[in-house]
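The chains referred to below are lettered A, B, ... by the order of the sequence lines, with proteins before strands, and numbering in each begins at 1. Please read these numbers as outputs of a predicted model, since none were measured by experiment. Below, each value reflects all heavy atoms present in this structure, side chains not excepted, and no hydrogens, waters or symmetry copies.
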Amino acid sequence: MGSVEEISKFNEQKHEFLDEYGPNLKTLPVTDQVKELQTIIRDRNTTRSDFKFYADRLIRLVIEESLNQLPFTKCVITTPTGSYYNGLKYERGNCGVSIVRSGEAMEQGLRDCCRSIRIGKILVESDADTHEARVVYARFPEDIAARKVLLMYPIMSTGNTVIKSVTVLMEHNVLEENIILSNLFCTPFAAKSIISAFPQMTILTSEVHPVAPNHFGQKYFGTD
Amino acid sequence: MAAMLQQFDPPSSASSESDAEENEIKEIISADDEEKRSGHFFDATPPPSPRPPSAGSQKSPRSRRQRTTSMTMTQSKVTASVSVLRSHTRTIYTAGRPPWYNTAGQQAEPFVIGICGGSASGKTTVATKIIEALNIPWVTLLSMDSFYKVLNEKQHLLADQNEYNFDHPDAFDFDLLKETLGRLKEGKKVEVPIYNFCTHSRENRTKTMYGANVIIFEGILAFYKAEILKVLDMKVFVDTDADIRLARRLNRDICQRGRDLDGVLKQYLTFVKPAFQHYIAPTMVHADIIVPRGGDNTVAIELIVHHVHTQLSLRGFKVREELAHLFTGQPLPRSLHMLPETPQIKGLHTFIRNKDTQRDEFIFYSKRLIRLVIEFALSLLPFKDSMVDTPQGVPYQGKRCASHKICGVSILRAGETMEQAVCDVCKDIRIGKILIQTNITTGEPELYYLRLPKDIKDYKVILMDATVATGAAAMMAIRVLLDHDVPEKNILVVSLLMAESGVHTIAYAFPQVQIVTSAVDPEINEKFYVLPGIGNFGDRYFGTEPAEEKLPVSEPPKKIPINLPGMYIQLRVLW
């Protein structure tokens with residue numbers, strides 16, 4: 001659990017967050033390690049190979065943390081030594097949905113944790129002039145309404161794209177409280193507008209910071 | 001057919017030992033290659049020097065059994081570099097090393113035996129017999145031959161004409177010898193020079209030797225210097241009749257090394273014999289035991305061995321049993337860093353602890369857990385503030401890791417399962433390996449194999465083992481790192497599961513070592529498995545469980561009867 005100071009520091013930050021954004025915005029525990037990953041991703045001098053390497057690491061951490069938001073039940077199993085262990089069991093019926101294109105960067109991270117999970121996709125384009133988001137393509141598992149949905153999108157600066165995507169999901173009868181948004185970088189503006197739009201949705205991010213690293217998708221996929 | 005049947009044998013618990021043998025074989029091969037390339041291999045060019053290279057000191061400079069020897073050729077093929085000694089009654093594997101420190105992790109001093117005696121008196125035979133009879137796995141044999149001084153051109157010329165005195169004390173570098181022996185006695189790693197008898201200089205490469213429970217130091221002038229005498233715990237003088245020694249020399253130099261009678265005799269009379277009378281024979285007064293007739297004297301060797309055994313048991317080399325029960329019910333130490341117990345981690349534990357989990361799933365979920373543990377461990381390294389420019393034009397106040405030199409060291413075999421994760425999170429990281437196996441008869445951990453990055457003392461070391469029960473193996477590995485001058489605070493022990501007693505043991509012995517794990521279990525059973533535990537992690541991961549626990553093979557093997565005259569054999573077909 002780290003040192004006592006680390007925990008209290010973490011709890012303090014947690015309280016500030018609770019006051020400002022409510023209980024459904026969660027962040028990764030801010031360790032120096034996570035901070036380093038964020039620094040490398042934000043650094044303009046990072047090479048593309050490094051960028052992808054460290055972005056994948058951060059994604060993996062965010063995905064692992066997002067999975068913590070999924071429901072589980074208690075169970076008792078027998079270990080090879082013949083003893084009992086009080087464990088936890090995950091419930092079935094989850095799926096991932098990535099928002100094209102940058103959300104797809106997070107698919108591999110999810111696959112690395114859940115080998116055979118179903119993954120849907122949404123393509124949202126924003127109008128260059130009005131910044132209004134428009135759904136171009138959406139394809140989900142058929143029974144998505146009965147599933148918990150891990151919505152993946154790494155960078156949020158206005159939150160418009162995500163708001164649009166969640167609306168589409170809800171049109172497919174997904175319950176708002178069954179959506180968990182996995183995100184790497186989020187601006188306070190986006191956080192607030194999403195929370196006010198969907199107060200029941202869980203948001204998991206690694207950092208809330210006024211400047212969003214908008215170059216993420218381009219650098220990750222090498223189209224810059 | 002034999003090979004096929006062998007292949008089908010259920011993997012036994014000894015399979016990990018065969019890993020070690022494979023390594024051994026590889027190392028020997030590579031060493032042989034080196035010798036061929038450098039072109040001074042003993043067989044190829046008979047050197048003209050009076051004390052020509054011993055096969056032992058040149059062979060396998062990088063072999064796992066690190067010791068220098070000056071064995072004569074007839075013996076050396078068997079004993080010099082191969083880690084198996086065969087005496088008439090039993091076979092001794094001199095590879096694994098039992099703990100050389102006490103329960104507090106502090107170095108227990110090795111026992112140093114000095115063997116002195118005239119040229120061809122049988123010092124090496126006595127040394128070998130002692131090693132055989134001691135039946136202690138980790139013995140270092142250091143020969144004075146490694147410490148000949150580098151000759152200048154003039155001396156080199158003299159040597160070629162049999163006119164350089166190799167038996168005089170001035171021929172040896174006593175300062176280096178003293179330093180080397182001193183470090184070995186402290187259990188530290190040393191680089192022993194490899195002396196080339198053709199060029200009469202030291203080779204660029206050295207032989208790494210690493211402390212032992214027993215160090216045998218032999219040489220014609222082993223007792224010559226007072227400061228070296230002080231280091232020796234037991235002094236043995238091999239007193240063989242001068243006629244026999246001359247006869248052996250003649251036999252060795254003429255029959256085996258192709259030199260001429262005149263040259264050998266000239267050298268013997270001008271240097272070897274006077275040196276014995278002036279410098280070697282007088283040192284006999286320092287000896288605790290004088291062994292007449294050398295290696296044939298079994299009574300003397302038994303006496304020596306008995307004494308060494310008594311001394312070793314006084315120094316406390318039995319560790320694991322004590323460790324298991326040392327600290328119970330104490331608060332966990334501050335150097336322990338446990339991953340926050342999230343539902344995910346608990347869920348992963350549930351998968352890998354369950355005895356009914358299939359290997360495919362076991363591996364998958366172990367890997368996920370390992371990745372989380374490694375990420376967590378990295379977050380404990382020191383970081384420094386760093387300001388970076390962003391493409392958005394706003395500087396960002398971030399952090400970067402303060403040390404770029406990080407390396408991983410895995411404790412074979414289970415620790416190797418964590419290597420991939422370390423490589424996945426640290427680009428181009430260097431990985432060292434340590435093989436420690438539990439001796440089935442004593443229950444003690446033994447060190448078998450060691451490969452570490454060259455300048456490991458400058459690195460932060462992530463020491464990996466999948467599970468830590470008593471902490472005995474982890475302690476041994478930490479001790480190895482410390483002996484390679486890695487500062488204690490630069491070591492992180494990282495593991496998936498630890499038993500409480502193991503945590504206490506490590507923390508007590510090495511308070512500055514950071515301990516990282518995802519769960520701490522309360523107990524250890526009599527087989528030193530953690531309870532409730534995971535079982536044998538390595539066996540489950542690599543699929544080498546004992547046969548009765550093996551999963552059923554999907555397709556039952558076909559049985560084809562073959563009729564041979566008078567015999568009926570069943571063959572199992574593998575494909």
Side-chain angles (χ1 to χ4, degrees), chain A residues 1-4 6-7 10 29 31-46 49-50 53-54 56-57 60-61 64-72 75-90 112-113 115 209-215 218-219 224, chain B residues 334 336-347 349-351 353-357 364 367-368 371-372 375-384 386-394 396-401 424-425 427 521 523 525 527 529-536 539-540 545 549:
Chain A
M1 190 91 37
S3 72
V4 182
E6 276 168 48
I7 300 166
F10 178 55
T31 63
D32 288 346
Q33 169 76 4
V34 170
K35 195 82 185 163
E36 181 185 32
L37 297 176
Q38 292 163 344
T39 308
I40 295 170
I41 292 168
R42 284 181 181 274
D43 189 345
R44 65 181 306 157
N45 296 320
T46 302
S49 129
D50 271 359
F53 182 84
Y54 291 104
D56 283 337
R57 265 181 70 190
R60 175 73 175 256
L61 290 173
E64 284 280 4
E65 192 62 32
S66 311
L67 294 176
N68 272 327
Q69 313 302 324
L70 295 173
F72 47 84
C75 68
V76 176
I77 51 110
T78 313
T79 69
T81 56
S83 329
Y84 296 111
Y85 176 76
N86 296 314
L88 296 178
K89 211 169 123 188
Y90 288 95
D112 287 343
C113 294
R115 282 177 293 185
H209 189 278
V211 179
N214 288 320
H215 61 298
Q218 287 186 348
K219 195 153 181 177
D224 48 347
Chain B
R334 284 184 63 89
L336 173 72
H337 302 270
M338 240 167 63
L339 268 75
E341 198 184 63
T342 63
Q344 274 300 315
I345 286 175
K346 191 103 177 154
H349 266 281
T350 310
F351 274 114
R353 285 167 182 265
N354 191 339
K355 71 175 170 55
D356 298 322
T357 302
F364 179 80
K367 278 186 167 172
R368 261 184 74 189
R371 174 74 175 253
L372 289 171
E375 286 277 8
F376 183 76
L378 289 182
S379 72
L380 298 171
L381 294 173
F383 286 83
K384 57 179 193 300
S386 155
M387 189 73 97
V388 295
D389 287 334
T390 66
Q392 287 74 33
V394 187
Y396 178 79
Q397 176 67 56
K399 279 194 195 295
R400 290 304 298 260
C401 193
D424 285 345
V425 295
K427 273 192 159 181
D521 276 10
E523 282 180 80
N525 70 8
K527 282 178 172 168
Y529 281 138
V530 185
L531 297 179
I534 306 182
N536 187 328
D539 274 349
R540 295 185 72 196
E545 303 98 328
E549 286 174 35

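- With chain B as partner, the option from N68(A), V34(A), N86(A) having the largest number of non-hydrogen pairs under 4.5 angstrom is N68(A).
- The minimum heavy-atom distance between L531(B) and S83(A), with the atom names listed, is CD2-OG, 3.4 Å.
- The minimum heavy-atom distance linking I77(A) with T350(B) is given by the pair CD1-O, 3.7 Å.
- The contact between L61(A) and chain B is made entirely by side chain atoms (from C-beta outward), counting heavy-atom distances below 4.5 Å.
- The shortest non-hydrogen separation linking R540(B) to P80(A) is NH1-CG, 3.4 Å.
- The line from CG of L381(B) to CG of D32(A) is 10.0 Å long, rounded to the nearest 0.5 Å.
- Contact annotation for V425(B): both backbone and side-chain heavy atoms come within less than 4.5 Å of a heavy atom of chain A.
- A pairwise comparison of heavy atoms in P343(B) and Y90(A) identifies O-OH, 2.6 Å as the closest pair.
- Residue Q392(B) touches chain A through its side chain alone, counting heavy-atom pairs closer than 4.5 Å.
- Using a 4.5 Å cut-off between heavy atoms, F53(A) contacts chain B through its side chain alone, with no backbone atom that close.
- Contacts between K89(A) and chain B at a heavy-atom distance below 4.5 Å are absent for every atom of the residue.
- Note on D56(A), L37(A), T81(A): by heavy-atom pairs under 4.5 Å with chain B, the leading option is T81(A).
- The two residues G533(B) and T79(A) come nearest to each other via the heavy atoms O-CG2, 3.4 Å.
- The backbone N or O of T31(A) lies less than 3.5 Å from no partner atom in the side chain of K399(B), so there is not a single donor-acceptor pair.
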(request) Check step by step if side chain to side chain contact (heavy atoms under 4.5 Å, CB included) holds for K346(B) and F72(A). (result) CA-CA 10 Å; K346(B) 191 103 177 154; F72(A) 47 84; over 6 Å; no
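- Of the listed residues (M387(B), R371(B), H349(B), K367(B)), the one with the most heavy-atom contacts under 4.5 Å to chain A is R371(B).
- Between Q397(B) atom CD and T39(A) atom OG1 the span is 8.5 Å, to the nearest 0.5 Å.
- With a 4.5 angstrom heavy-atom cutoff, R115(A) touches chain B via backbone and side-chain atoms both.
- Shown here for F383(B) and E36(A), the closest heavy-atom pair between the two residues is CE2-OE1, 3.4 Å.
- With hydrogens and angles disregarded, no donor-acceptor distance shorter than 3.5 Å links the side chain of Y85(A) to the backbone of I534(B).
- In this view, R44(A) and D389(B), P391(B) satisfy the side chain to side chain contact (heavy atoms under 4.5 Å, CB included) rule, not counting sequence neighbours.
- Within the 4.5 angstrom heavy-atom criterion, atoms from both the backbone and the side chain of D50(A) approach chain B.
- Across I41(A), V76(A), D112(A), N45(A), the residue that shares the most heavy-atom pairs under 4.5 angstrom with chain B is D112(A).
- Between the OG atom in S379(B) and the NZ atom in K35(A) there is a gap of 14.5 Å [rounded to 0.5 Å].
- For a residue to count as touching a neighbouring chain, one of its non-hydrogen atoms must lie under 4.5 Å from one of that chain's; by this rule D424(B) touches chain A with the backbone only.
- Within the 4.5 angstrom heavy-atom criterion, no atom of S66(A) approaches chain B.
- Residues S49(A) and K427(B) form a side-chain contact, since some pair of their non-hydrogen atoms from C-beta on lies under 4.5 Å apart.
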(request) Carefully, step by step, assess R368(B) and L67(A) under the rule side chain to side chain contact (heavy atoms under 4.5 Å, CB included). (result) CA-CA 12 Å; R368(B) 261 184 74 189; L67(A) 294 176; 3.4 Å; yes
(request) Take R400(B) and I40(A) through the side chain to side chain contact (heavy atoms under 4.5 Å, CB included) test and state the conclusion after the steps. (result) CA-CA 8 Å; R400(B) 290 304 298 260; I40(A) 295 170; 3.5 Å; yes
